[in-house]
**Student:** 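My questions will all concern the structure given below.
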Amino acid sequence: MNKAVRDVELALALALYRTMARIRAFEDAAEEASKGGVAAFGASLSEAKVRGPLHLSTGQEAVAAGVCAHLKKSDLLTSTHRGHGHTIAKGAALDRMMCELFGRAPGYNGGKGGSMHIADFSVGMLGANGVVAAGIPIAVGAAHALRARGGSDVVACFFGDGAINRGPFLEGLNWAAVHALPILFVCEDNRWAATTASDATTAGAGALARAEAIGVPGAQVDGNDVFAVWEAAGRLLAEVRKGDGPRLLHAITYRVKGHVSVDAAAYRDAVKHDKELERDPLVIAAQRIATRDQLEAIGREAREEVAAALKIAHEAPWPEAKAAYTDVQDTGAGRWRG
Amino acid sequence: MARMNYARASCTALEAAMRSDDRVVVVGEDVGRGGIFGQYRGLQQAFGGKRVIDTPISESTILGAAVGMALAGLQPVVEMRVVDFALCAIDELVNQAAKARYMFGGQGRVAMVARLPNGLWSGSAAQHSQSLEAWFAHIPGLVVVAPATPQDNYSLLQASLACGDPVVYLEHKELWGLEGDVDPAKSAQLGEAEIVHPGRDVTVVTWSRTRHTALEAAALTEQQGVSIEVIDLRTIWPWDRDTVLASAARTGRVLITHEAVQVAGFGAEIAATLAEETDARVRRLGAPRIPVGYSMPLEDESRITPQAISAACTKLLEPRNARNPHR
Ligand SMILES: Cc1ncc(C[n+]2csc(CCOP(=O)(O)OP(=O)(O)O)c2C)c(N)n1
């Protein structure tokens with residue numbers, strides 16, 4: 001047992017495991033419900049309950065769980081297209097999330113956004129995003145707003161390894177450093193960007209090295225070890241909360257599924273892939289927590305919670321067509337034709 | 001003549017161009033794997049990574065580098081995945097690619113084809129479902145092309161590669177699997193529309209996927225004894241005024257329909273031209289001015305259906321003073 005684990009109380013360890021188990025159960029159910037759905041790679045219409053591109057965070061649960069365990073409700077979070085884990089770990093309810101994935105009216109976005117735009121502002125989750133790196137400048141602005149309101153709240157800004165090659169990464173980190181903004185940047189490095197291995201398109205040592213060059217210090221951790229993530233995120237967030245300026249956590253993890261749920265990812269080396277699967281963050285965490293019965297109970301509860309969410313989503317009403325015309329804008333909005 | 005789908009057709013045209021001219025290169029994300037729609041399949045294997053260039057997720061540099069490539073003698077085909085992501089490269093497209101030739105007094109030209117798949121993408125919500133052809137038509141310096149069939153995706157890509165100026169090439173996000181006959185010997189002219197269904201009573205001007213919707217509408221209206229002439233514009237800029245005006249002169253009634261939001265859509269430009277040049281009655285049918293929603297009932301509000309086209313044609317045949325209360 002390493003030091004980090006010893007420092008974590010058992011209750012906390014179980015809480016981290018529970019968050020991961022809930023994310024895993026949610027992703028598994030969403031994946032199942034998306035079968036036959038619209039692929040990012042060649043579209044086809046179907047009867048799938050979850051339509052459109054579904055980006056699963058299966059296998060990356062430790063990053064969301066370990067970081068968000070340190071966040072308060074009043075802290076803010078920006079996410080990516082692969083955002084279910086962040087949303088769950090920040091405190092959103094699984095049933096309303098599943099309703100959103102099913103396109104139903106009780107979903108967090110009223111069915112307007114779906115998986116790629118899932119958001120729960122009531123817990124400070126400012127939205128998943130369909131555009132790579134788009135969350136970074138938004139996090140910068142949100143941090144200005146937090147500073148204006150006073151207090152020690154922070155923004156957690158999640159993005160993938162692919163995002164660090166877009167301009168907003170450089171611009172956002174530089175800006176945050178110049179203004180000493182309260183942001184924890186979290187590069188969730190699953191080593192793939194769609195069908196391309198990230199190292200094939202990324203020069204240098206990656207996210208942390210780039211951040212440090214800009215004057216944003218941070219840490220690199222095994223993103224499949226929830227305790228390591230928890231420990232590093234805690235330390236960095238304490239500095240951010242103190243007003244020391246932005247920090248970056250570079251969490252190395254692995255994209256277990258295809259880019260979207262219906263992508264078989266045949267472009268990856270099967271032997272290497274199988275090797276990666278052995279590093280399941282839930283298994284790694286379970287090996288370090290002695291109380292097996294409790295873990296099984298947590299897993300069961302998570303699956304039951306998701307089953308209940310699925311039932312609610314299946315039975316939930318569709319949005320009315322006229323809802324398509326609300327929340328566009330107030331001045332100059334179009335009118336419902338019906 | 002060969003049967004192939006829309007994706008394969010473009011790939012075949014590109015492959016031929018790359019074989020005959022080694023200045024032609026491809027630049028974009030995931031192109032080495034054949035592109036996310038298979039529109040580059042096999043090209044990197046055939047031509048290597050120096051001509052089919054895999055890039056980081058760096059849209060502004062993909063497009064900006066293509067401008068540099070073109071000014072220095074290459075002929076880049078730019079992959080932007082979907083039109084919505086090209087918005088991350090709008091300066092490079094609008095301020096650089098479109099302006100270079102003019103600003104520099106003709107010293108250089110930007111012979112590039114920027115592929116920006118356009119249109120509503122089912123289940124993909126607001127940031128992946130836009131139809132932005134009117135934006136590009138508004139920019140002097142850009143040619144705007146929107147193929148609707150495998151043959152056109154072959155012939156128009158070929159014509160675009162020969163164009164010499166920056167072409168915004170708007171394939172439709174959901175037509176990749178569409179099968180059709182492709183005759184490689186058949187060429188197309190940029191700026192030349194095609195009358196895809198001759199008719200007497202109403203002219204329907206359209207492009208991209210809505211061409212197929214309009215053909216379905218033609219079958220519907222035929223049952224009601226209304227004969228519609230469907231014109232696929234194929235090139236948005238320059239658009240084929242002669243074909244449209246001649247058809248309008250024959251039918252006296254024109255509907256312009258497109259997937260893009262109706263307000264300030266390219267249909268408005270055609271309607272205005274018809275008002276200036278003809279006595280034809282004109283209507284437009286585009287999407288309401290709302291983002292595309294994820295959930296099906298919301299998304300459906302943005303779809304153009306054969307029924308809606310047929311109904312709009314019928315309205316054009318009603319007496320002029322029968323007011324539509326919804327307008
Ligand atoms: C600006 C932009 N370019 C391209 C895309 C298409 N796209 C969606 S996800 C993705 C890969 C992103 O990789 P990464 O940031 O590492 O996140 P991951 O998918 O691995 O979680 C790409 C290229 C996009 N959504 N936005």
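Reminder, nothing fancy here: chain letters follow the sequence lines and each chain counts from 1. Owing to the predicted nature of the structure, the values given are computational and were not obtained by experimental measurement.
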**Student:** I'd like to check B:Trp176 versus B:Pro117 (side-chain heavy atoms, cut-off strictly below 4.5 Å). Are they in contact?
**Tutor:** yes

**Student:** In terms of heavy-atom pairs under 4.5 Å with chain B, which of A:Arg166, A:Gln329, A:Glu100 leads?
**Tutor:** A:Arg166

**Student:** Assign the ring pair B:Phe266 / B:Trp207 to parallel, tilted or perpendicular, where the plane angle (0 to 90°) is split at 30° and 60°.
**Tutor:** perpendicular

**Student:** Between A:His84 and A:Phe26, what is the ring plane arrangement, given parallel below 30°, perpendicular above 60°, and tilted in between?
**Tutor:** perpendicular

**Student:** Report yes or no: is the cationic atom of B:Arg115 (NZ for Lys, CZ for Arg) under 6.0 Å from the centre of the six-membered ring of B:Tyr40, at an angle within 45° of the ring normal?
**Tutor:** yes

**Student:** Side chain, backbone, both or neither: which part of B:Ser58 has a heavy atom under 4.5 Å from chain A?
**Tutor:** both

**Student:** Where on A:Glu320 is there a heavy atom nearer than 4.5 Å to chain B: the side chain, the backbone, both, or neither?
**Tutor:** backbone

**Student:** Can you tell which part of A:Asn109 gets under 4.5 Å to a heavy atom of chain B, answering side chain, backbone, both or neither?
**Tutor:** neither

**Student:** Quick one: what part of A:Val132 sits under 4.5 Å from any heavy atom of chain B, side chain, backbone, both or neither?
**Tutor:** side chain

**Student:** Any side-chain donor paired with an acceptor under 3.5 Å for B:Asn153 and B:Tyr6?
**Tutor:** no

**Student:** Side chains of A:Asn165 and A:Arg210: donor-acceptor distance under 3.5 Å anywhere?
**Tutor:** yes

**Student:** Measuring heavy-atom distances to chain A, does B:Thr55 have an atom under 4.5 Å in its side chain, in its backbone, in both, or in neither?
**Tutor:** backbone

**Student:** With a 4.5 angstrom heavy-atom cut-off, is it the side chain or the backbone of A:Thr196 that approaches chain B, or both, or neither?
**Tutor:** both

